[in-house]
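First comes the structure, then the notes that go with it.
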Amino acid sequence: QVQLVESGGGLVQPGGSLILSCTASGTTGTIMSMGWYRQAPGKQRELVATITGSFITNYADSVKGRFVISRDGAKNTVYLEMISLKREDTAVYYCTADMSTWGQGMQVTVSS
């Protein structure tokens with residue numbers, strides 16, 4: 001089994017930046033893809049970004065050019081660097097491994 005531990009969420013002003021981290025443990029050798037999803041109040045969970053073991057990335061249109069996903073295989077960690085944050089980025093952010101294992105979720109609030 002895989003376990004995921006997230007860190008880095010919090011409160012940031014519009015236009016600010018934040019870096020989220022997610023570290024996997026357990027049977028990490030089986031992980032093909034890791035990524036981030038988010039869920040805002042009253043909305044469905046949606047894709048933010050994913051990255052495969054071959055470093056192929058995929059982004060939601062709403063974050064392209066502002067968010068960057070990266071992966072450190074040696075540390076079994078995936079990062080989400082977020083810049084130019086907008087109020088509409090406010091949500092609970094979830095890390096996932098192969099969309100079968102999920103982290104506990106972290107609140108990211110963009111507000112002045």
Side-chain angles (χ1 to χ4, degrees):
Q1 287 187 338
V2 173
Q3 296 81 41
L4 301 173
V5 177
E6 304 152 331
S7 63
L11 173 65
V12 62
Q13 292 186 342
S17 61
L18 208 57
I19 299 176
L20 307 183
S21 301
C22 173
T23 299
S25 61
T27 54
T28 57
T30 64
I31 297 174
M32 301 294 289
S33 173
M34 295 185 73
W36 294 92
Y37 282 68
R38 68 186 181 186
Q39 187 167 17
K43 295 187 177 181
Q44 291 187 334
R45 190 173 298 189
E46 63 177 8
L47 167 74
V48 177
T50 59
I51 184 167
T52 69
S54 301
F55 301 98
I56 297 172
T57 58
N58 182 43
Y59 294 92
D61 287 343
S62 60
V63 305
K64 284 180 181 176
R66 300 187 299 119
F67 291 11
V68 175
I69 189 169
S70 60
R71 185 171 177 172
D72 185 333
K75 296 181 179 179
N76 294 314
T77 299
V78 63
Y79 304 94
L80 185 69
E81 182 177 3
M82 307 184 291
I83 65 170
S84 301
L85 282 160
K86 305 175 181 180
R87 288 183 172 82
E88 51 264 42
D89 294 317
T90 294
V92 176
Y93 284 68
Y94 296 90
C95 176
T96 182
D98 297 324
M99 292 191 66
S100 60
T101 301
W102 295 85
Q104 75 278 10
M106 295 186 294
Q107 180 67 47
V108 172
T109 301
V110 184
S111 175
S112 54

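The residues of the chain are indexed from 1 along the displayed sequence.
- Considering CD of Gln3 and OG of Ser25, their distance stands at 4.5 Å, rounded to 0.5 Å.
- In this structure, the side-chain contact (heavy atoms from CB on, under 4.5 Å) partners of Thr23, at least two apart in sequence or on a different chain, are Thr77.
- In this structure, Thr50 OG1 and Met32 CE are separated by 12.5 Å, a value rounded to the nearest 0.5 Å.
- Remark: the backbone N or O of Ala74 is paired with a side-chain donor or acceptor of Asp72 at under 3.5 angstrom.
- In the displayed structure, Glu81 atom CD is contacted under 6.0 Å by at most 12 heavy atoms of other residues, nucleotides or ligands.
- Arg38 forms no cation-pi arrangement with Tyr94, by the criterion of a distance under 6.0 Å to the ring centre and an angle within 45° of the ring axis.
- Between Arg87 and Ser112, the closest heavy-atom pair is NH2-OG, 3.0 Å.
- In this structure, OG1 in Thr96 is found 8.5 Å from CZ in Arg45, a value given to the nearest 0.5 Å.
- Contact check on Lys64 versus Asp61 returns a salt bridge, with a Lys/Arg side-chain nitrogen under 4.0 Å from an Asp/Glu carboxylate oxygen.
- Gln104 CD: more than 12 foreign heavy atoms inside a 6.0 Å radius.
- The CG atom of Leu47 lies 8.5 Å from the OG atom of Ser62; values are rounded to the nearest 0.5 Å.
- Under the 4.5 Å side-chain criterion, counting only non-hydrogen atoms from C-beta, Ser111 is in contact with Leu11.
- Counting Ile, Leu, Val, Met, Phe, Trp and Tyr side chains that sit under 4.5 Å apart, directly or through other members, Val12 shares a hydrophobic cluster with Val2, Leu4, Leu18, Leu20, Ile31, Met34, Trp36, Val48, Ile51, Phe55, Tyr59, Val63, Phe67, Val68, Ile69, Val78, Leu80, Met82, Leu85, Tyr93, Met106, Val108, Val110.
- Across Arg71 and Thr52, no two heavy atoms sit closer than the pair NH1-C, 3.2 Å.
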Please lay out, stage by stage, how Ser33 and Met99 fare under the test side chain to side chain contact (heavy atoms under 4.5 Å, CB included). CA-CA 8 Å; Ser33 173; Met99 292 191 66; over 6 Å; no
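- Within a 6.0 Å radius of CD in Glu88, other residues, nucleotides and ligands contribute more than 12 heavy atoms.
- In this structure, Ser100 contributes its side chain and Ala97 its backbone to a donor-acceptor pair below 3.5 Å.
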